[in-house]
Protein chains: 4
Amino acid sequence: MAAARKPARTHAIRRARAQRVDEILVSARDVFCEKGYDAASVAEIAARIGVVEGLVYKYFSTKRELLLQVLERWYDELFGDTERALAGISDRRARVRMLVRHHLRAVRDYPQLCKLMFREVQGESGYHGSSLHARNRRYTQYLVDEIEAGQRDGSFRADIPPRLVRDLVYGGIEHATWHYLRGRGSLDIDRLAEQITSLLCEGLLPRAAAAMSPVRNKPR
Amino acid sequence: MAAARKPARTHAIRRARAQRVDEILVSARDVFCEKGYDAASVAEIAARIGVVEGLVYKYFSTKRELLLQVLERWYDELFGDTERALAGISDRRARVRMLVRHHLRAVRDYPQLCKLMFREVQGESGYHGSSLHARNRRYTQYLVDEIEAGQRDGSFRADIPPRLVRDLVYGGIEHATWHYLRGRGSLDIDRLAEQITSLLCEGLLPRAAAAMSPVRNKPR
Amino acid sequence: MAAARKPARTHAIRRARAQRVDEILVSARDVFCEKGYDAASVAEIAARIGVVEGLVYKYFSTKRELLLQVLERWYDELFGDTERALAGISDRRARVRMLVRHHLRAVRDYPQLCKLMFREVQGESGYHGSSLHARNRRYTQYLVDEIEAGQRDGSFRADIPPRLVRDLVYGGIEHATWHYLRGRGSLDIDRLAEQITSLLCEGLLPRAAAAMSPVRNKPR
Amino acid sequence: MAAARKPARTHAIRRARAQRVDEILVSARDVFCEKGYDAASVAEIAARIGVVEGLVYKYFSTKRELLLQVLERWYDELFGDTERALAGISDRRARVRMLVRHHLRAVRDYPQLCKLMFREVQGESGYHGSSLHARNRRYTQYLVDEIEAGQRDGSFRADIPPRLVRDLVYGGIEHATWHYLRGRGSLDIDRLAEQITSLLCEGLLPRAAAAMSPVRNKPR
DNA sequence: AATGAATGAGCGTTCATTCAT
DNA sequence: AATGAATGAACGCTCATTCAT
């Protein structure tokens with residue numbers, strides 16, 4: 001009888017375990033977002049879900065591991081969103097705008113997670129080649145792919161490295177969001193997405209088109 | 001009552017106040033850059049110049065004050081460079097390129113100082129209105145001024161907020177530098193400056209000109 | 001980012017929370033009494049019970065909190081003693097003598113706790129209205145009540161503020177104990193209690209009685 | 001010529017030295033009073049008179065020495081005041097009242113100096129037998145002498161140790177002043193002096209007089 | 001699976017004191 | 001006589017991590 005029940009029990013345990021992991025990750029995300037990595041304490045992460053510090057270490061070997069998994073989960077959510085959003089859009093510029101818009105939304109919703117990525121994880125030893133790194137590359141690759149495709153079919157000029165465009169977009173959004181969030185204005189995502197897309201896409205027009213109206217500087 | 005403190009015995013080489021302050025600031029800049037603010041310890045900053053922790057506090061009231069002054073010095077150096085570089089250039093696009101180029105150089109030399117500004121200082125209470133804030137505004141204002149002047153004389157389209165351009169430039173450079181420094185390629189500052197300038201300036205062309213050649217997306 | 005902390009290896013004997021709290025409070029009381037508040041170090045309080053500094057902070061948020069709780073416990077012990085001692089005594093003078101006697105004993109046993117109250121706690125911001133303040137009021141009120149009752153029923157003169165009597169008793173005992181403890185004589189509590197009581201109660205005779213035999217000073 | 005000037009110069013130097021000592025002691029008294037001993041820093045004491053920490057150590061070997069000398073000076077001032085005040089008063093009770101009144105004034109004017117004596121100095125090793133101890137004994141002896149004289153000539157009962165009276169007075173005043181200073185009421189020195197004197201002196205009536213009207217306690 | 005007592009290393013900061021100049 | 005640079009030993013407090021129960 002005991003043998004017969006085993007699979008069910010194992011399954012239940014596995015489910016319980018998964019739930020705990022979820023709980024902890026949600027709590028960790030909240031605390032990391034509110035306080036940043038250093039100021040967040042494992043004690044608080046545990047306390048918020050009514051458990052004890054030690055238990056967290058049953059599921060995650062270190063505080064850092066916890067941070068990494070929080071961020072991995074976040075990327076995994078973003079992937080789904082992004083792919084659903086791109087589906088059915090074929091116009092290049094519209095696709096770019098959609099990617100920009102999605103990232104803006106992501107940053108608005110969890111600005112701190114972005115910060116954590118950039119502040120605490122990237123560039124630390126061990127990041128390069130990690131599964132988080134892979135997710136980050138995959139995430140930003142959507143935009144790079146779009147630019148490259150445009151360059152291949154001639155709708156974008158080819159003398160700008162696609163990765164530079166990616167950096168301007170993600171770096172720019174980081175700064176822009178920061179300023180808006182801390183500043184007086186609210187963040188108008190659609191407007192901002194259009195402005196960024198417009199600015200970059202028109203800058204990316206092939207020279208032939210751009211050459212027709214060179215920048216003429218007035219004397220100062 | 002506090003226990004009586006015991007006397008000092010051996011002394012490091014005496015230095016004039018200003019020299020020590022300089023030494024400490026240089027050491028602090030190095031350590032902050034290598035480890036970030038939190039992980040940097042005042043003890044290490046002191047040890048690197050063969051001095052005892054307490055002495056640092058004779059010249060700087062807190063660790064944070066030390067960070068702030070490191071950053072202020074950095075800005076002060078940048079101002080001189082920037083103004084010398086702009087002098088004598090009147091062509092708008094050349095001025096923009098120069099600003100981009102200078103910032104690229106600054107970030108390449110001390111990529112972490114940017115990060116410190118962005119991560120540790122901006123948005124913390126007390127930053128707004130501080131002399132560091134003033135320096136930061138002044139520094140980033142160079143570019144904003146250039147864009148606004150272009151918008152006023154009609155050489156730049158007016159439907160893009162100048163501050164967005166600034167954010168794309170500074171945020172983008174931060175990401176680009178970061179990627180290049182950590183990645184495989186070396187950083188070709190002149191080339192990168194030209195690419196960024198070209199991309200943005202052409203994206204900033206007045207609509208009338210741009211409207212003549214709308215982006216036509218090829219089907220994927 | 002903070003450097004990773006290294007693990008613990010050897011552990012002191014585990015104790016139930018309440019027991020540890022007790023142990024710590026006893027140790028704290030001893031060290032505070034021996035050295036005073038400032039010179040007492042949390043490290044020593046911990047070391048005396050074979051425990052590490054940090055553990056103290058698991059149970060008490062600050063050193064000051066520790067002091068406060070030591071004093072609260074002391075008052076709580078005193079209340080029990082005092083009330084048991086007063087029960088069944090109805091003679092006013094006997095009640096006063098009992099209160100004096102009890103305080104003398106308290107001060108003899110822990111002369112420094114009085115001092116700590118008076119020096120470190122009273123008059124500090126946050127004391128007024130605290131639970132320690134409440135205990136202090138309750139404790140000294142016993143005597144004030146007795147004096148007031150005597151004034152109401154005419155057995156004590158009414159032109160002396162009861163609080164002055166209280167101050168003379170508690171302040172006087174503090175000094176007297178101090179001198180005796182540090183001086184040559186031992187502290188004969190019963191005798192001293194009788195002397196103080198006699199001195200004050202007879203000084204509290206209604207004017208009518210005292211007026212009959214005014215103090216006649218001999219010329220010097 | 002140089003030889004001839006020597007005495008004058010020596011004298012000038014001695015004067016200058018004495019002035020410095022005075023300056024430092026005044027500054028030290030102020031800072032000790034404002035902050036207490038531990039919280040006072042030698043740096044601040046020096047800064048207030050526009051000199052440098054090191055100079056203080058030219059004149060006083062330690063911070064503690066500074067405290068001791070501040071207190072000695074204070075006692076020396078009090079002696080003069082007290083003796084001038086007592087001169088010409090022969091009535092015993094009036095003399096007691098005057099002593100009480102003078103101490104009340106001293107405590108009102110420099111309550112912190114009293115505190116320092118009691119908190120930081122008395123009972124510390126080295127106090128016993130020190131010149132400060134001598135001054136303290138001399139100061140409180142005035143009152144003890146008065147009581148003893150009264151006991152000798154029969155105007156005070158002899159079964160109360162004069163030192164107990166002294167402790168009640170000085171301890172009581174400490175508490176009373178503390179309460180009044182921190183409390184709502186202002187300190188009416190003359191009234192308080194009269195109340196204390198009256199309470200104690202009438203309590204000190206020879207048994208014969210007091211025995212005529214024993215305290216009759218009403219049943220509670 | 002969960003608890004929670006315990007560790008230990010570290011950090012920012014203060015300050016009495018010394019001594020070269 | 002005066003300066004002020006430098007020391008060094010604490011101290012209060014925090015927290016990731018371990019492990020007995």
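Note that these values count all heavy atoms, side chains included, but never hydrogens, waters or copies made by symmetry. Letters A, B, ... are given to chains in the order of the sequence lines, protein chains preceding strands, and every chain is numbered from 1.
By the side-chain contact (heavy atoms from CB on, under 4.5 Å) test, S131(D) is found to be paired with E72(D), R135(D), residues two or more places apart in sequence or in another chain being considered. Checked against ring-ring contact (aromatic ring centres under 6.0 Å, His included), Y127(C) has the following partners two or more places apart in sequence or in another chain: H133(C). For the side-chain contact (heavy atoms from CB on, under 4.5 Å) test, residues two or more places apart in sequence or in another chain that qualify with Q19(C) are R15(C), A16(C). Not counting sequence neighbours, the partners of E34(C) by the salt bridge (Lys or Arg N to Asp or Glu O under 4.0 Å) test are R48(C). With sequence neighbours excluded, no residue forms a side chain to side chain donor-acceptor pair (under 3.5 Å) with Y57(C). Every salt bridge (Lys or Arg N to Asp or Glu O under 4.0 Å) that E23(D) has, sequence neighbours left out, goes to R20(D). Contacts of K58(B) classified as side-chain contact (heavy atoms from CB on, under 4.5 Å), with partners at least two apart in sequence or in another chain: L55(B), E53(D).
Across residues 14-21 of chain B, R14(B), R15(B), R17(B), R20(B) each have a non-hydrogen atom less than 4.0 Å from an atom of DNA chain F (numbered order). For the contact set between residues 42-54 of chain A and DNA chain E, defined by any heavy atom under 4.0 Å, the members are V51(A), V52(A), G54(A). For residues 58-68 of chain C, proximity to DNA chain F is found at T62(C), K63(C), defined as any non-hydrogen atom under 4.0 angstrom from a strand atom.
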Base-pair map of DNA chain E as dot-bracket, where | denotes pairing with a different strand and pairs are Watson-Crick or G-U under 3.5 Å: .||||||||||||||||||||
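The distance between atom CG of D38(D) and atom P of dA16(E), rounded to the nearest whole Å, is 9 Å. Summarising the geometry, the separation between CZ on F32(D) and C1' on dC15(E) is reported as 13 Å, rounded to the nearest angstrom. Straight-line distance from the CD1 atom of I24(C) to the C1' atom of dA6(E): 11 Å, rounded to whole Å. In this structure, CG of L55(B) is placed 15 Å from C1' of dA20(E), rounded to the nearest angstrom. Nucleotide dA16(F) holds its C1' atom 15 Å from the CD atom of E120(A), rounded to whole Å.
In terms of heavy atoms, G126(C) sits closest to S130(C) at O-CB, 3.5 Å. Here the closest heavy-atom approach between residue L71(C) and residue M117(C) is recorded as CD1-SD, 3.7 Å. Summarising the geometry of R73(A) relative to D22(A), their closest heavy-atom pair is NH1-OD1, 2.6 Å, with the distance given to 0.1 Å.
A distance-only check finds no donor-acceptor pair linking the side chain of K35(A) to the backbone of S41(A) [under 3.5 Å].
Counting only heavy atoms from C-beta outward, the side chains of F60(D) and V21(D) approach each other to under 4.5 Å.
When each of Y57(A) and V56(B) is assigned the nucleotide of DNA chain F bearing its nearest heavy atom, the one mapping closer to the 5' terminus is V56(B).
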Can you give the donor-acceptor pairs under 3.5 Å from side chains of residues 24-33 of chain C to other protein atoms, not counting sequence neighbours?
from   : atom 1 : to      : atom 2 : distance (Å)
S27(C) : OG     : I45(C)  : O      : 2.7
R29(C) : NH2    : Y110(C) : OH     : 2.7

